[in-house]
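As structure tokens, the structure follows; a few thoughts come after it.
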Amino acid sequence: MSIADDPDRAPARSHLYAMGLSEEEMRRPVVGIASTWTGTMPCNLNHRDLAVQVAEGVRAAGGLPMEFNTIAVSDNLTMHTPGMRASLISREVIADSIELMGRAHGFDALVAIVGCDKTVPAAIMALARLDVPSVILYSGSMLPGRWRGKDVTIQDMWEALGEREVGRMDQADLDDLAKHACPGAGTCAAQYTANTMGTVADFLGLAPFGVGDIPATVPDKEAAARRVGEIAMRALAADARPSKVLTADALHNAIVSVAAMGGSTNAVLHLLAIAREAGLPLEIDRIGEVCRQIPIITGLKPSGGDATALDLWRAGGTSLVVRRLLEAGLLRENVTLVDGRTLADVAADARETPGQTVVASAERPFKPRGALAILRGSLAPGGCVLKLGGKDDFRHEGPARVFDSEADCYTAIQQGRIVAGDVIVVRYEGPAGGPGMREMLSITGPLVGRGLGTSVALVTDGRFSGVSHGLVIGHVAPEAYHGGPIALVRDGDTVVIDSAAGTLDLLVPEEELAARRATWQRPERPVERGVLTKYVASVASASDGAVTA
Ligand code: FES
């Protein structure tokens, strides 16, 4: 019974009258519109405008839209500050917020407007929990900046820091680049974490293909948002709830998309978390197996080439990627898409711009294999993620340079204490140890800028920005905070990375490791309070998606 017709809900009706609603509107299906707008970053800056359009679409299709907001944390703005610890934790808070609003208000359907990195997996996790017909609207990438005749993105900014440190760029140029790198609203402008996860939402079937890849500031975006409102009403009529859409086959396709588009290592963490929320079995090694078989077919930064998200959209977008993957038989077609199309429909609808050079075929890819590999070994018995970035398999053996925090490592790099051949080990930065699994862009950017990106390896129980590249291995499990082998490494120990064998090993005799383990003590750190305390108490291993539920 609707609120309009329930005699006992007269008090509730009085509040809806207060909002200007009529009884006719109260009888309509209610579509919650979760926006992850905050005025603290460019990434989600267009969400309020998009929410207005979604609401129009819902209204036009006979529904009653109800908007609400969540928090969001920018990775770029918090990078290299203590605030970075809040980023991954925010995924849980956003998921919990959407879930709680859904449970409180009993929405008949939901639209989640997402952008910056954590907001995408967070919304998917919440929708999986609520299991009402739902649509994801990815708010779109930023346009690339233009500086001295070339397209630039936030990746150029971080690498410029390293170039300044070795004298290849002065502060005036760095400041000038900062004024031009990010020209307006939208998410980081290539296949970094946000765009990787936006694509994941497409391939999971929860976001309509052809909407997410429209850049944030292109006028077409608002019309697409209005369509999403209509699609939400269609999803309600078709009962297209996440338990029907988010299947094992859809999850497989999402992993394929990450591999084929050279996506971010953070996708591993988020796919594991999404799978757990959806009740689907997914082991971290499975992601590695898929990535081994799938070539990178898009020429996007940072792994496939130099193209930006704008270039991808102009070339034909993710729909064109679907066409190429279907042609190669790399997708599972028995999936439900929230807008009612099939993958074959999406491929047929794809418009390929003549002469485009961004989306290739699986037969003639940009790189022969995907961007990620999963390693295990004596240093990471629970698994870890290698950002292969389309490079050939490699073996790296070198002495460990151990740091108990990202900040200490950053200082050592600045002082020129890291040399070619080293294996940097940054620990106590895991889900519980950080807490919050800080991203290491403030290390990887300067390493690349100093020309050490391919001669120094970085191993951490923290994680990486989608912008990071180089010989980087993150998500080492078990983490140092819980006494994993990474806690026992000492300066000068030999570490061996063998990507072809899928191994990460610490060449220290077992009896020596046992002696170290017997005396190991977790380093003292300031007492955490509030949300950090709750997070440390409940967060799972990175190999389990760092979930808290
Ligand atoms: Fe928000 Fe990159 S920091 S999308």
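Values below: every heavy atom of this structure, side chains too, minus hydrogens, waters and symmetry copies. Start at 1 and go down the list; that is how both ligands and their atoms are numbered.
Looking at every heavy atom in both residues, Leu372 comes nearest to Val268 through CD1-CG2, 3.7 Å.
Each of the atoms 1 (Fe), 3 (S), 4 (S) of ligand 1 lies under 4.0 Å from some heavy atom of Cys116. Within ligand 1, counting atoms from 1 as listed, the ones closer than 4.0 Å to a heavy atom of Asn76 are 3 (S). Annotation for ligand 1: atoms under 4.0 Å from non-hydrogen atoms of Asp117 are 2 (Fe), 4 (S). Short contacts between ligand 1 and Cys188, defined as distances under 4.0 Å to a heavy atom of the residue, involve ligand atoms 2 (Fe), 3 (S), 4 (S). Using a 4.0 Å cut-off to heavy atoms of Ala194, the atoms of ligand 1 that qualify are 4 (S).
A salt bridge links Arg324 with Glu352: the distance from a Lys NZ or Arg NE/NH1/NH2 to an Asp or Glu carboxylate oxygen falls below 4.0 Å. Ion pairing between Asp75 and Lys118 holds under the 4.0 Å rule for side-chain N and carboxylate O. Between Asp311 and Lys301 there is no salt bridge, since none of the side-chain N atoms of the basic residue sits less than 4.0 Å from a carboxylate O of the acidic one.
Taking the six-membered ring for Trp and thresholds of 30 and 60 degrees, Phe203 and Phe209 have ring planes more than 60 degrees apart, a perpendicular arrangement.
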